[in-house]
Amino acid sequence: MESRCSPPAGGVDGHDGGMAGLEGTEQPRRGVGTADPAGSMPIVADEPVLKMFELYGNPALGEIRLPSRPQSAAGARRLAQLVVQRHWGLSERTAEHAVLLVSELVGNAVRHTGARFFGLRMLRRRGWLRIEVRDPSRGLPCLLPVREMDTSGRGLFLVDTLSDRWGVDLLARGKTTWFEMRVADR
């Protein structure tokens, strides 16, 4: 279980701060059901992911609102994998890490905020991807030391370990917790 704490002395960012602007933010390069750039295999998402796109939209085109319940984590993971691997054409390893970190941020938003909804947004620019989870709570997540026998509290440790940067942006009503990963452009 992640705990809340006051912001660290250096600010609320986990590493070296947020992206300097989002100039050059990319839209997905390919749509669902289009050809794979490496060959002729069509990319077809499974039915639950397509239903998620229909119901909530594409988080790479703008923030989508998902209900704040545990089942939404699975949907957020599927959407993240589809966008990262199939729309943006990034590696399977990048998709695996992004999916894991999305799951951690969504889990924290569902477990710790008491909100009815949370927002999910995915951004891409040259050499970077950024994923944001917005919720109405102003309580800050706290990165705690993790010990070998701990059975919970590893979420932000994973975010800190697998992302290149992460942080929290306080908003007038709530916060956005985000992470960024460097990616190889194809």
Side-chain angles (χ1 to χ4, degrees), residues 1-28 52 56-77 79-80 83-84 88 94 97-146 150 152-183:
M1 209 167 174
E2 308 301 341
S3 63
R4 305 289 179 194
C5 62
S6 51
V12 292
D13 290 341
H15 293 308
D16 57 354
M19 259 187 198
L22 291 174
E23 308 84 23
T25 299
E26 294 181 12
Q27 298 301 317
M52 293 281 300
Y56 302 110
N58 182 342
L61 298 178
E63 180 180 285
I64 62 169
R65 282 178 33 145
L66 295 167
S68 189
R69 51 181 191 240
Q71 302 88 328
S72 293
R77 287 191 299 266
L79 289 170
V83 170
V84 171
W88 291 339
T94 298
H97 287 179
V99 165
L100 175 60
L101 301 186
V102 162
S103 190
E104 295 301 333
L105 295 187
V106 167
N108 284 347
V110 169
R111 252 188 313 278
H112 300 298
T113 67
R116 290 178 35 213
F117 294 94
F118 65 89
L120 175 66
R121 184 168 79 147
M122 301 177 66
L123 304 161
R124 174 90 166 90
R125 73 174 184 138
R126 186 175 192 92
W128 290 92
L129 71 77
R130 176 179 174 118
I131 299 179
E132 304 174 346
V133 174
R134 186 179 55 81
D135 66 65
S137 170
R138 289 180 54 89
L140 296 174
C142 187
L143 177 61
L144 299 173
V146 176
D150 289 345
S152 64
R154 296 177 185 268
L156 284 180
F157 172 78
L158 289 171
V159 172
D160 189 59
T161 301
L162 296 177
S163 69
D164 290 290
R165 298 189 282 219
W166 72 274
V168 179
D169 297 330
L170 289 176
L171 308 170
R173 293 185 180 170
K175 69 178 173 299
T176 298
T177 307
W178 52 267
F179 67 87
E180 298 173 353
M181 297 168 61
R182 284 189 175 99
V183 296

Can you check whether [Y]'s main-chain N or O pairs, donor with acceptor, with [X]'s side chain at less than 3.5 Å?
X    : Y    : value
R65  : Y56  : no
T176 : E132 : no
K175 : D135 : no
R125 : L129 : no

Between [atom1] of [X] and [atom2] of [Y], what distance do you get to the nearest 0.5 Å?
X    : Y    : atom1 : atom2 : result
R138 : L171 : CZ    : CG    : 7.5 Å
E63  : R134 : CD    : CZ    : 4.0 Å
L101 : T177 : CG    : OG1   : 12.5 Å
M122 : I64  : CE    : CD1   : 9.5 Å
R182 : S163 : CZ    : OG    : 10.5 Å
W166 : L158 : CH2   : CG    : 12.0 Å

Looking at [X] and [Y], what are the two nearest heavy atoms and their distance?
X    : Y    : value
V106 : A76  : CG2-CB, 3.9 Å
W88  : V84  : CB-O, 3.6 Å
G57  : L79  : O-CD2, 4.5 Å
S68  : A115 : CB-O, 3.0 Å
S72  : P67  : OG-O, 2.5 Å
A98  : I131 : CB-CD1, 4.1 Å

Which of T113, N108, L66 passes side chain to side chain contact (heavy atoms under 4.5 Å, CB included) with F118? Answer is L66
So does D169 pair up with R121, basic N to acidic O under 4.0 Å?
no
Hey, are the side chains of F157 and L144 touching, using non-hydrogen atoms and a 4.5 Å cut-off?
no
Side-chain contact, heavy-atom cut-off 4.5 Å: L162 with F179?
no
Are D164 and W128 close enough, and set up right, to give a side chain to side chain contact (heavy atoms under 4.5 Å, CB included), and what steps lead you there?
CA-CA 9 Å; D164 290 290; W128 290 92; 3.9 Å; yes
What do the steps show when you test L140 against L170 for side chain to side chain contact (heavy atoms under 4.5 Å, CB included), and what is the final call?
CA-CA 9 Å; L140 296 174; L170 289 176; 3.6 Å; yes
